[in-house]
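Letters A, B, ... mirror the listed sequences (proteins, then strands); counts begin at 1. Hydrogens, waters and symmetry mates are skipped; everything else that's a heavy atom, side chains included, is used.
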Amino acid sequence: MIRAHSKSPSPQRSFHFYNQILHSQNLSPDNYTFNFLVRTCTQISSPETGLSIHAAVIKHGFETDPHVQSGLIHMYAELGFLDSSLSIFLKLPDPDLVSQTAMVSACAKSGEVDIARELFDKMPFRDPIAWNAMISGYTQSGRSREALRLFHLMQIDGVKVNEGTMVSVLSACTHLGALDQGRWVHVYIERNNIRMTVTLGTALIDMYAKCGNLGKAMEVFWRMREKNVYTWTSAMNGLAMNGAGKECLELFDLMKQEGVPPNEVTFVSVLRGCSVVGLVEEGREHFDSMSIVYGLEPRLEHYGCVVDLYGRAGRLEDAINFINSMPIKPHAGAWGALLNACKIHGNLKLGEFASRELVELELKNDGAYVVLSNIYADSRNWDEVSNVRKLMKNEGVKKVPGCSVIEVNGEVHEFFVGDKTHPRYSEIEVKLGEISRRLRLSGYVANTNPVLFDIEEEEKEDALCRHSEKVAIAFGLISLDEGIPIRIVKNLRVCGDCHDVTKIISKVYNREIIVRDRNRFHHFKNGDCSCRDYW
DNA sequence: CTAGGGTTAG
């Protein structure tokens, strides 16, 4: 009966059942009962019940049971009480491998990766799962580089790698946009006969799609025999990100035909697919179908997608009406989508309004200021541009520095705006000069509007030359052989000038350039971009 | 066979 309940879809009900055992006169709870109670508590995530269960564990003398111990460590971390996890752990006279791993994972999940690493280093023995816990701890904290470094240490140590390891390592490659290393992992999986589970296949699809190799992503997708909602959603998201909105929607139809029910995340991909190709009405229908057909409550991100859908298509009136009709309080994402639409379509008044709403919600939202100042700059309203700058200074808002990453020979190189710290910077500088000469020869005039500050034209052009993606592209041109596409991953959106310049570079240098920005992909080839300047 | 630690999509 207990086992039946452990797989119950309703934690609440199981919880009641266990409580009956706990308080029944004829039945005495054993360590199994407590183990399940603790784990169910973790699922329903209720701090009060957690505390009372812990008290009952102590009362019945099961504190020393290893299964219960690791469960409690896990539970407190999930409830947000890492200190309690730690104090349980530190009181254990002889914590076993599983409890140690649970503690490492608890720290990592609570954002204390460095403490996790200290514990990990102190472990007298580490099995593959312990390594996986630490590697995924880095990945989930956005420290992908360290994740990869640890993976290499794992191999040096001769520890057996399994599919869980590969999933985390692929996830690290995905975040870094490190296609070479991702490809290497794929080969490694095949050579070492690592079991191709649904999870691993999905991680591969996500990696290829987000590293700009959509063809390979879809190849893996079609080859997978077993697919779940994650698999379908990853593929659909990959298509949407790469501008293939129609194919994304076709896949959605196929998914439904195969009888896989979509979930909330799937609809984010569907709506993004509609948005990239401007299928406004179809997107709106999908949004409405969420609750009507699938019983899924649209969440803030879905509302944001619809605002984006209307906004990008230039239907600003519909966008603002939609925001005003939202049954929940619009979040920064909705206003941000509207603001972005105002920038694309040059609507000053609505843009001012949207950015005010945005700042009210998030005082330190740098995007609100930057985009607003870009809107003013587009209309050459330099006084307002400088006002926004002053405002940012007064409010202590700092613009997140742009950063572009490029992988060369399996090594990841990172460039910030105006970054001169790279060991080969002098060569890069020469290349940048050459690029700007060749661009001018081809009739290019810098689009200096996106520069935030009202500096002199010449300086502006200089600042534009230093945008991180340009530096990264210059480095790509000198370090990658002809014919090899240059792949860049950027943390922010590409600016209009960089977009123009990259198009021309792709033509003048006859080089394919693939840029993943914060939102989507731009495939530059022969002077054109796959986004058709609609982004 | 049967309880515990790790792994995928916005």
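Nearest to the side chain of A/Ser105, among B/dG6, B/dA9, B/dT7, sits B/dG6. Candidate nucleotides B/dG6, B/dG4, B/dG10 were compared by shortest atom distance to the side chain of A/Pro66, and B/dG4 ranks first. Considering only the side chain of A/Val98, B/dG4 comes nearest among B/dA3, B/dG10, B/dG4. Comparing B/dG10, B/dG5, B/dA9 by their closest approach to the side chain of A/Glu301 singles out B/dG10. Side chain of A/Gln140, nearest nucleotide from B/dG4, B/dT8, B/dG5: B/dT8. If you check B/dA9, B/dT7, B/dG4 against the side chain of A/Lys210, the one that comes closest is B/dA9. Proximity note for A/Ser70 (side chain, C-beta onward) versus B/dG6, B/dT8, B/dG4: the nearest is B/dG4.
Between A/Phe267 and A/Phe252, the ring centre distance stays below 6.0 Å. Under the 6.0 Å cut-off for aromatic ring centres, A/Phe322 and A/Phe287 qualify, their centroids lying closer than that.
Between A/Glu250 and A/Asp253 there is no side-chain heavy-atom pair separated by less than 4.5 Å.
Between the P atom of B/dT7 and the CE atom of A/Met166 lies a distance of 15 Å, rounded to the nearest Å. What separates NE2 of A/His175 from P of B/dG10 is a distance of 8 Å, to the nearest Å. Nucleotide B/dT8 holds its P atom 13 Å from the CG atom of A/Asn162, rounded to whole Å. Here the P atom of nucleotide B/dT8 and the CD1 atom of A/Ile194 are 16 Å apart, to the nearest Å. One atom, OH of A/Tyr208, and another, C1' of B/dA9, lie 18 Å apart when rounded to the nearest Å. Taking atom CG on A/Asp127 and atom P on B/dT7, their separation rounds to 14 Å, with Å as the unit. Atom-to-atom, CG of A/Leu200 to C1' of B/dT8 comes out at 9 Å; the value is rounded to the nearest Å. Summarising the geometry, the separation between NZ on A/Lys160 and C1' on B/dG6 is reported as 16 Å, rounded to the nearest angstrom.
An OP1 or OP2 oxygen of B/dG10 is reached within less than 4.0 angstrom by a side-chain nitrogen or oxygen of A/Asn237. Taking 4.0 angstrom as the limit, A/Arg39 places a side-chain polar atom (N or O) nearer than this to OP1 or OP2 of B/dG5. Taking side-chain N and O atoms only, A/Lys109 has a distance below 4.0 Å to OP1 or OP2 of B/dG6.
Contacts of A/Ser269 with the nucleic acid, taken as non-hydrogen atoms under 4.0 Å apart, are absent. Nucleic acid contact for A/Lys227: none, since no nucleic acid atom lies under 4.0 Å from a heavy atom of the residue. Among the protein residues, A/Asn35 comes within range of the nucleic acid bases, having at least one heavy atom under 4.0 Å from a base atom. Using a 4.0 Å heavy-atom cutoff across all strands shown, A/Leu204 reaches no nucleic acid atom at all. A/Ser234 comes within 4.0 angstrom of the backbone, heavy atoms only, and of no base. Among the heavy atoms of the strands, none lies under 4.0 Å from A/Gln69.
With respect to A/Glu469, the side chain to side chain donor-acceptor pair (under 3.5 Å) criterion is satisfied by exactly one of A/His522, A/Lys490, A/His499: A/Lys490.
Between A/Cys211 and A/Arg487, the shortest heavy-atom distance links the atoms O-NH1, 3.3 Å.
Stacking between A/Phe36 and the base of B/dA3 is absent under the criterion of ring centres within 5.5 Å and planes under 30 degrees. The aromatic ring of A/His67 does not stack onto the base of B/dG4, failing the criterion of a centre distance under 5.5 Å from the six-membered base ring together with planes under 30° apart.
The base of B/dG4 is paired with the side chain of A/Asp96 by a donor and an acceptor separated by under 3.5 Å.
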message: Apply side-chain contact (heavy atoms from CB on, under 4.5 Å) to residues A/Trp131 and A/Phe151 and explain how you reach the verdict.
response: CA-CA 8 Å; A/Trp131 282 90; A/Phe151 170 59; over 6 Å; no
